[in-house]
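Remember, predicted model here, so these are calculated numbers, not experimental data. Heads up: numbering here begins at 1 and tracks the sequence.
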Amino acid sequence: MARLAGVDLPRNKRMEIALTYIYGIGKALSREILKAAEVPLSKRTDELDDNETRRIREVIETRQLKVEGDLRRDVSMNIKRLMDLGCFRGLRHRKSLPVRGQRTHTNARTRKGPRKGQQIKRKTEGTGA
């Protein structure tokens with residue numbers, strides 16, 4: 001099993017797809033990495049030899065790509081910075097509401113959580129004359 005950037009790549013998948021299991025690498029970037037490492041896109045993870053794995057690892061390191069832990073830390077620090085500034089986006093993050101201008105009147109259940117339910121007002125007995 002191939003291990004890159006602290007992630008075990010899935011068995012028997014094409015390398016083009018398997019690299020996308022690393023946080024920060026999408027399909028387009030995985031194609032670039034494989035082209036630079038001279039590994040065919042259709043090659044399966046089970047068929048990789050140590051030399052090819054080393055070349056892929058070197059390409060990721062030499063391009064200084066932020067992947068996995070470094071990228072997650074940067075993203076969380078950027079969100080924390082927005083919240084500390086008190087800008088609109090930071091306030092939306094603080095309240096855990098959608099940040100990018102989506103409507104919240106009827107949607108945004110993923111962000112807001114399950115519905116609270118409507119309170120029913122009941123008549124109180126014995127208050128009238």
What distance separates Ile60 CD1 from Leu19 CG, expressed to the nearest 0.5 Å?
-> 6.0 Å

Looking only at non-hydrogen atoms, find the nearest pair between Gly24 and Leu29 and report the distance.
-> O-CD2, 3.7 Å

Which atom names give the shortest non-hydrogen contact between Ser30 and Glu16, and what distance separates them?
-> OG-O, 2.9 Å

With Arg3 as reference, evaluate Asp8, Thr53, Leu9 under the side-chain contact (heavy atoms from CB on, under 4.5 Å) test and give the passing residue.
-> Asp8

Identify whether Tyr23 and Ile79 are in the same connected component of the hydrophobic contact network (ILVMFWY, side-chain heavy atoms under 4.5 Å).
-> yes

Using the rule that two of Ile, Leu, Val, Met, Phe, Trp, Tyr join whenever any of their side-chain heavy atoms come within less than 4.5 Å, decide whether Ile25 and Ile17 are in one cluster.
-> no

Got a sec, which residues hit side chain to side chain donor-acceptor pair (under 3.5 Å) with Arg94, two or more places apart in sequence or on another chain?
-> none

Polar side-chain atom of Thr20 near backbone of Lys27 as donor-acceptor pair, under 3.5 Å | no

Heavy atoms of other groups near Asn12 CG, more than 12 under 6.0 Å | yes

Same cluster or not: are Tyr21 and Val75 linked, directly or through other Ile, Leu, Val, Met, Phe, Trp or Tyr residues, by side-chain heavy atoms under 4.5 angstrom apart?
-> no

Throw together a table of side-chain donor-acceptor distances under 3.5 angstrom for residues 99-113, partners on residues two or more places apart or in other chains.
residue : atom : partner : partner atom : Å
Gln102  : OE1  : Arg100  : N            : 3.2
Arg103  : NE   : Thr106  : OG1          : 3.3
Arg109  : NE   : Gly113  : O            : 3.0
Arg109  : NH2  : Gly113  : O            : 3.0
Arg111  : NE   : Leu97   : O            : 3.3
Lys112  : NZ   : Thr104  : O            : 3.2

Which atom names give the shortest non-hydrogen contact between Pro10 and Thr45, and what distance separates them?
-> O-OG1, 2.8 Å

Under 3.5 Å donor-acceptor, Thr62 side chain and Val59 backbone = yes

For the student: nearest non-hydrogen atoms of Leu48 and Met15, plus distance | CD1-SD, 3.4 Å

Which pairs with one or both residues in residues 33-45 pass salt bridge (Lys or Arg N to Asp or Glu O under 4.0 Å), sequence neighbours excluded?
-> Lys43-Glu52

Point-to-point distance, once rounded to the nearest 0.5 Å, from NZ of Lys66 to CD of Gln64 = 10.0 Å

If two hydrophobic side chains count as joined below 4.5 Å and joins carry through other members, does Leu65 share a cluster with Ile56?
-> yes

Beyond-backbone contact of Val7 with Val67, side-chain heavy atoms, under 4.5 angstrom = no

Please list every donor-acceptor pair under 3.5 Å in which a side-chain atom of residues 83-92 meets a protein atom from a residue at least two apart or in another chain.
residue : atom : partner : partner atom : Å
Arg92   : NE   : Pro98   : O            : 3.0
Arg92   : NH2  : Pro98   : O            : 3.4

By side chain to side chain donor-acceptor pair (under 3.5 Å) - contacts of Arg57 (at least two apart) | none

Mind checking side chain to side chain donor-acceptor pair (under 3.5 Å) for Glu68 and listing every partner two or more places apart, or none if nothing turns up?
-> none

